[in-house]
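Below is one structure, written out as structure tokens, with a few remarks after it.
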Amino acid sequence: MRMSILLFLIYRMLWISSKVNPRFKRFIRKARVRLMIKTADGRHARLFVFENGRVSTATGPDHRFDAALVWQDPGTAVSVMLKRSQEAIFYAAAEGKLKLEGMSVYALWFDEAVKQAL
Amino acid sequence: MAKKITGGHLAAKYMKEMEKVDTVFTISGGHIENLLDGMAQYGIRAVDVRHEQAAAMMAHAWSVYRNEPGVCLVTAGPGFTNALTGIVNAHLENVPLVVLSGRHPIRDDLKGALQEMNQIDMVKPVTKWCATCYDPARIPEYLSIAFRQATMGRPGPVFLELPPDILFAETDESLVAMPSRRRHKTYVSPAQDELEEAARIINGAQKPMFLGGSGIGMSDCGKVLEQFLRKTGIPFALINYGRGVLPDNHPQSVNPGGFTGLTAGLPMCDVIIAAGVRFNWVLQSGSLFPDARVIRIDIEPTEIDRNRSVDVGLVGDAGRVLEQLMPLVEQRSHEKWLETFKNAYTAFMTTELEKRNTASDPIHPSRLVEQIQRTFGEDAYYVADGGDTTYYGMSGFASRHRAGVLAPAGGLLGCLGTGIPFAIAAKLAHPNKPVIVLNGDGSFGFNAMEFDTAVRHNIPIICVVNNDCAWGMIKHSQEISLGPDRCTCADLGLRHYEKMVEGLGGYGELVTKDEEIVPALKRAAGSGKPACINVLTDPTVTSPATVLFYQSFAGLG
């Protein structure tokens with residue numbers, strides 16, 4: 001539940017920034033990226049879609065994506081994501097708590113997008 | 001009676017006897033005929049190609065594979081201008097390429113002679129040194145300067161114009177002064193306090209990484225590098241012409257993580273030791289490791305703080321600097337950090353690793369690379385050429401040889417078409433090893449006629465075309481930026497490159513299914529001929545390189 005709420009809040013933050021944050025608007029204006037964050041069992045999943053300056057979303061694991069952050073469990077996902085640190089994500093991956101499907105460059109781009117939106 | 005020698009023969013004699021040149025890449029031409037004759041006289045092999053840019057690229061590659069200056073000889077005018085792309089490539093890669101060029105006769109200056117043009121002013125900005133020789137008796141002196149300039153300090157291409165008036169002119173051989181020695185041995189070394197400061201940083205590092213580039217390859221310092229890394233326990237990545245100085249399967253190497261591994265792991269490092277590698281766009285100008293303390297080792301002082309300030313700069317030959325650091329660094333282990341780094345990049349490469357190990361229809365390029373690698377193993381030389389193709393080759397190939405995996409199109413010039421010339425030079429330098437070039441279908445076109453060179457000179461390279469029937473990187477980038485319905489000049493269509501190679505006297509096969517790849521490669525190797533295996537791959541696949549390529553332009557405007 002906490003993970004689903006966190007993912008929704010991330011979406012809202014990105015959506016609001018896409019309307020009011022000039023730096024973020026510039027960052028995403030030419031982007032076409034589909035980034036999924038989900039748990040391995042697919043019970044918690046949200047797709048973030050960036051398309052030429054617009055941000056939209058969809059829930060559920062069955063969407064096409066460019067990159068997906070696949071968390072071992074929702075508790076780990078929440079605790080690591082709340083740290084808002086690339087290092088925490090790196091170590092989660094090293095410890096087998098996270099794997100990345102698709103292309104990692106999109107995940108790096110998403111990480112930068114969140115930084116720009118904050 | 002005094003013994004006479006022509007200028008061309010004198011040039012060949014000097015190169016053979018003083019510089020030990022045994023191979024020159026060239027195309028014949030009237031202006032340089034006497035030098036070609038001299039090469040035959042003194043036993044220098046002439047590899048005559050079909051386009052001068054290939055001659056320059058082969059000589060460039062020769063210098064990498066043999067660790068000695070590569071020589072190309074081109075004729076005046078279009079011979080010279082055709083070679084320019086290869087010269088610029090060598091310039092941007094700091095490679096000791098020696099270009100000898102014909103020109104119009106001195107006698108006909110300003111008369112509108114055949115191929116009269118100002119070559120020197122054109123080539124000056126893209127060479128380390130350039131000159132015209134006006135006196136046949138001074139040819140050895142000029143050549144000596146050219147070879148010194150190419151190799152001393154930071155290497156680079158040099159250009160020497162030899163007009164036909166002096167190449168054909170006879171001179172009294174007894175009056176010609178041959179330089180008495182081949183090389184000067186002068187070295188630059190860092191100050192002791194800089195070495196000690198670097199050692200303090202290294203000894204205190206918790207998450208260090210050694211990043212070696214072309215300077216490691218040109219220093220050819222595998223032995224001392226191995227000792228240094230074993231003592232310090234530092235994980236390492238070797239890129240550009242440094243790749244393979246230690247094998248990719250070395251236990252401390254993170255090269256199997258490729259580009260993904262470096263982009264994921266470098267930001268975590270607390271200390272980076274960068275040796276003989278420039279912080280240019282390939283390394284995102286050093287911005288990948290914003291918080292790390294950085295030690296840079298480079299033979300060129302102006303590189304030390306370029307694009308990114310460093311904590312310590314050690315100027316000198318990479319191998320010699322490592323030798324000097326050896327007694328100052330402590331015996332350590334970074335096994336836990338190395339394991340963390342490897343585990344992390346493996347998690348980030350989930351999809352890529354799956355693609356490599358799974359047969360697919362259409363064939364995924366990562367799978368194609370994996371099948372090639374399984375067929376020829378690590379006792380082979382691999383070259384990748386293209387846009388996306390460069391990414392797949394660099395991340396999927398592994399070799400235990402110095403410069404065993406090269407992707408010359410991934411350099412600063414981004415020069416497509418380098419693959420076949422590099423492969424030919426690799427095979428000439430290592431005739432007993434398999435040499436495989438993975439070409440995009442776009443990049444294949446630039447120097448495909450060099451298969452004729454390979455056939456005439458019996459150089460059995462194996463070219464695998466990763467054929468997505470398009471300029472893949474451009475097409476996918478346009479799909480992102482313009483939309484899939486507005487792609488322009490991006491499609492190539494299905495072409496039977498294998499039949500073209502067959503027509504030139506080589507071996508060719510078309511492959512469309514995963515299970516056909518390995519048998520076709522084996523038949524190609526068994527044919528003993530230059531071969532082209534044209535493999536139709538999934539045209540919808542995009543590599544991370546395309547995304548970065550697109551992003552590099554998306555911020556503009």
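Below, read A as the first sequence line, B as the second, and so on, with proteins coming before strands; counting in each chain starts at 1. Predicted, not measured: the structure shown is a model, and the values here were computed from it.
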- Check whether B:P267 gets within reach of chain A through its side chain, its backbone, both or neither, counting any heavy atom under 4.5 Å. side chain

- Note on the structure: With A:K99 as partner, the option from B:T351, B:T350, B:T346 fulfilling side chain to side chain contact (heavy atoms under 4.5 Å, CB included) is B:T350

- Check each atom of A:F27 against the heavy atoms of chain B and say whether the ones under 4.5 Å are side chain, backbone, both or neither. neither

- Message: Is the ring pair B:F341/A:F90 parallel, tilted or perpendicular, if the boundaries are 30 and 60 degrees?
- Response: perpendicular

- Message: Taking CZ in A:R2 as the centre, count heavy atoms belonging to other residues, nucleotides or ligands within less than 6.0 Å. Is the count above 12?
- Response: no

- Closest approach of A:E87 to B:K207 (non-hydrogen atoms, all atoms of both residues): OE2-NZ, 2.9 Å

- Query: Do other residues, nucleotides or ligands put more than 12 heavy atoms under 6.0 Å from the NZ atom of A:K97?
  - Reply: no

- What distance do B:E354 atom CD and A:E101 atom CD have between them, rounded to the nearest 0.5 Å? 6.5 Å

- Would you indicate whether the side-chain heavy atoms of B:E352 and A:M103 approach each other to under 4.5 Å? no

- Comparing B:T542, B:I480, B:T263 against chain A, the one with the most heavy-atom pairs below 4.5 Å turns out to be B:I480

- Item | CZ on B:F348 to CG on A:L98, rounded to 0.5 Å | 6.0 Å

- Show the numbers, then the answer: is there a side-chain contact (heavy atoms from CB on, under 4.5 Å) between B:E479 and A:R32? CA-CA 10 Å; B:E479 284 169 351; A:R32 288 183 186 211; over 6 Å; no

- Message: For the CD atom on B:E335, are there more than 12 heavy atoms of other groups (residues, nucleotides or ligands in this structure) within a distance under 6.0 Å?
- Response: no

- For B:F259, is it the side chain, the backbone, both, or neither that has a heavy atom closer than 4.5 Å to a heavy atom of chain A? side chain

